Asks: 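Provided herewith is a single structure, encoded as structure tokens, for subsequent inquiry.
Quick caveat, the model's predicted, so the values are computed rather than measured.
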Amino acid sequence: MTQSRILPGWAPDRTIACIAAAALALLQPGIDPVFLTLLTAATGLDPSDHGWIVGATQGGMAIGAILVWRGGAHLPTGAPAFAALIALAASLITPALDELATLVVARGLFGVGMGVAYTHAMSAAASQRPTGAYAAVFLVQLLLSTLVALALPAIGDRAGPAAALRLLALAPIGVLLLSLMMPAADPAQSQTSDADERAPTPARAWALAVALFCFIAGTMMVWSFSGALALAAGIDDSVIGEAVAIGSVIGALTAIALMREQSIVPLPLTGLLSAVCLLAPLALTRPGAPTLFILAIGLLNIGSTATIIRFSGLATAAGGGSPLFRRFVACVHSLGMIAGPVAGSLLSDGLGQQGLIDGALVALTGGCFALLVAASPDRLRLPRIEGVHEIIA
């Protein structure tokens, strides 16, 4: 990074702090299978209610993300630290709760706090080299998820599930400490007036944001039901755990490969190849074929890591440096992560496995079409989308 690209008042140590804070704030989705198992052991929660806990957490993150997107620099200076305190309190109280309603509220508050922290930190980190920043955040998140997922069960066996769950409070504590090193507001905000921040965003940027949302939603549809598909195929729990761990390592390697800012594979081809990878669990999960399931989860991690990093970075760069749109890109992550499981559940309950397959295909097809639009804005004669931007601004 050259000095000319560094904003006034911005320093490399702040970039590192933002990347670390964003990775910690996004840790929970990567360890949900282990977390939910310990939560049931500690509180007696019925496994059939796990979906409510995940939905509350992801819904809270979406609310927190929207607050930062809309509020931006107008939020109080201590908003990220206060959000981390809320998440810390919710994390510490979780093992002591034994009612579904109170657990849902606690996990929702945890999600709001982490959603605020993630969107603020990710937007700030992406102000310099967006693709590299997203790659670094997801690399750290994947590595942390792997280590925590391996360590927590052992800790739970020795000290009890409640003690293991309380250790997860280290994540919001880390976010709280790192927030003291992060800028109080988006580093580009002081250089951008409200009018400039709300300037019309190019159609290419919107198309990339739509593709990002579609691919995240499609990923979450498949990911949320991968375990159920494996169990239905008679695949052992230990194989599922091995597949998740191997997939995380593969995802981390993918993140390293994507740290460069320049694309090698054309955008539409990236979408097509990633879509094939994301659909792998639906096609390869078969009775008596554990190796194929492990392969499928590895492919899913390649596709999901590649799309979220590449499309997030490209959308941020195409946004012309607008802090508002940069926050919106980070917000899309949380929105896609709640939309995907909800849509997948509705389709699966109403139409069975075929409904889930059809929903994933529709989401990924929509994402691929958006990438075609992003790759050919001039040929398709797309205007700058002033009207849409005015609605969200």
Asks: Are side-chain heavy atoms of Met122 and Cys18 found at a separation under 4.5 Å?
Replies: no
Asks: So, for Leu139 and Ala252, which heavy atoms are closest and what is the spacing to 0.1 Å?
Replies: CD1-O, 3.4 Å
Asks: Do the side chain of Arg107 and the main chain of Ala56 share a donor and acceptor less than 3.5 angstrom apart?
Replies: no
Asks: When hydrophobic residues are tied together by side-chain contacts of less than 4.5 Å, even through go-betweens, does Leu88 share a cluster with Val112?
Replies: no
Asks: Evaluate Ile297 against Ile246 for side chain to side chain contact (heavy atoms under 4.5 Å, CB included), listing each step before the verdict.
Replies: CA-CA 8 Å; Ile297 296 299; Ile246 292 172; over 6 Å; no
Asks: I'd like to know whether CD1 of Ile93 has more than 12 heavy-atom contacts from other residues, nucleotides or ligands below 6.0 angstrom.
Replies: no
Asks: Cluster question for you: counting only ILVMFWY and a side-chain heavy-atom cut-off of under 4.5 Å, with indirect links fine, are Trp69 and Val137 together?
Replies: yes
Asks: Passes side chain to side chain contact (heavy atoms under 4.5 Å, CB included), Arg286 versus Phe293? Steps please.
Replies: CA-CA 7 Å; Arg286 302 172 183 174; Phe293 177 74; over 6 Å; no
Asks: Would you say that Leu152 contacts Phe35 through its side chain, given a criterion of any heavy-atom pair below 4.5 Å between the two side chains?
Replies: no
Asks: Might you point out which heavy atoms bring Leu103 and Leu45 nearest each other, and give the distance in Å?
Replies: CD1-CD1, 4.1 Å
Asks: A side-chain contact here means heavy atoms from C-beta on lying under 4.5 Å apart; do Thr102 and Glu99 qualify?
Replies: yes
Asks: How close do Ala125 and Ala133 get, heavy atom to heavy atom, and via which atoms?
Replies: O-CB, 3.5 Å
Asks: What are the two closest non-hydrogen atoms of Ala90 and Ala106, and how far apart are they?
Replies: CB-O, 3.3 Å
Asks: Mind checking the CD1-CG spacing from Ile86 to Leu109? Nearest 0.5 Å is all I need.
Replies: 7.0 Å
Asks: Would you say the rings of His333 and Tyr134 are close, in the sense that their centroids are separated by under 6.0 Å?
Replies: yes
Asks: Let me check something: do Val54 and Leu100 share a hydrophobic cluster, defined by ILVMFWY side-chain heavy atoms less than 4.5 Å apart, either directly or through other members?
Replies: yes
Asks: As a quick check of understanding, evaluate side chain to side chain contact (heavy atoms under 4.5 Å, CB included) for Arg326 and Val329, giving each step before the final call.
Replies: CA-CA 5 Å; Arg326 187 160 59 247; Val329 173; 5.8 Å; no
Asks: Could you check if a side-chain atom of Leu347 sits within less than 4.5 angstrom of a side-chain atom of Asp358, using non-hydrogen atoms only?
Replies: no
Asks: Please confirm whether the backbone N or O of Ser304 pairs with a side-chain atom of Thr307, one donor and one acceptor, at under 3.5 Å?
Replies: yes
Asks: Can you tell me if Thr365 uses its side chain to pair, donor with acceptor, with the backbone of Val362 under 3.5 Å?
Replies: no
Asks: Calculate, to the nearest 0.5 Å, the distance between atoms OG and CZ belonging to Ser123 and Arg327 respectively.
Replies: 6.0 Å
Asks: Verify side chain to side chain contact (heavy atoms under 4.5 Å, CB included) between Asn301 and Thr254, making sure each step is shown before the conclusion.
Replies: CA-CA 8 Å; Asn301 274 270; Thr254 304; over 6 Å; no
Asks: Measure the spacing between CG of Leu92 and CD1 of Ile173 and express it to the nearest 0.5 Å.
Replies: 6.5 Å
Asks: Parallel, tilted or perpendicular for Phe325 and Trp206, by the 30°/60° rule?
Replies: perpendicular
Asks: Side chains of Ile53 and Leu36: does their closest heavy-atom pair fall under 4.5 Å?
Replies: yes
Asks: Rounded to the nearest 0.5 Å, what separates atom CG in Leu356 from atom CG in Leu361?
Replies: 9.5 Å
Asks: Just so I know, are the side chains of Leu279 and Leu300 near enough to count as touching, which here means a heavy-atom distance under 4.5 Å?
Replies: no
Asks: State, to 0.1 Å, how close Leu168 and Ser91 come at their nearest heavy-atom pair, and which atoms those are.
Replies: C-OG, 3.8 Å
Asks: Backbone N or O of Gln141 within a donor-acceptor pair of the Ser145 side chain at under 3.5 Å?
Replies: yes
Asks: With distance as the sole criterion, is a donor-acceptor pair present between the side chains of Arg310 and Thr270 under 3.5 Å?
Replies: no
Asks: Is any side-chain heavy atom of Leu267 closer than 4.5 Å to one of Leu372?
Replies: no
Asks: Please give me the minimum heavy-atom distance between His120 and Pro80, naming the atom from each residue.
Replies: CD2-CG, 3.6 Å
Asks: To the closest 0.5 Å, what do you measure between CG (Asp32) and OG1 (Thr57)?
Replies: 6.5 Å
Asks: Could you see if Ile338 belongs to whatever hydrophobic cluster contains Met220? Use Ile, Leu, Val, Met, Phe, Trp, Tyr and a side-chain cutoff under 4.5 Å.
Replies: no
Asks: Taking atom CG of Leu142 and atom CG of Leu26, what is their separation to the nearest 0.5 Å?
Replies: 9.0 Å
Asks: Are Leu258 and Leu272 connected in the hydrophobic side-chain network, where two residues link if heavy atoms are under 4.5 Å apart?
Replies: no
Asks: Got Ile66 and Leu335 here, is their nearest side-chain heavy-atom distance under 4.5 Å?
Replies: yes
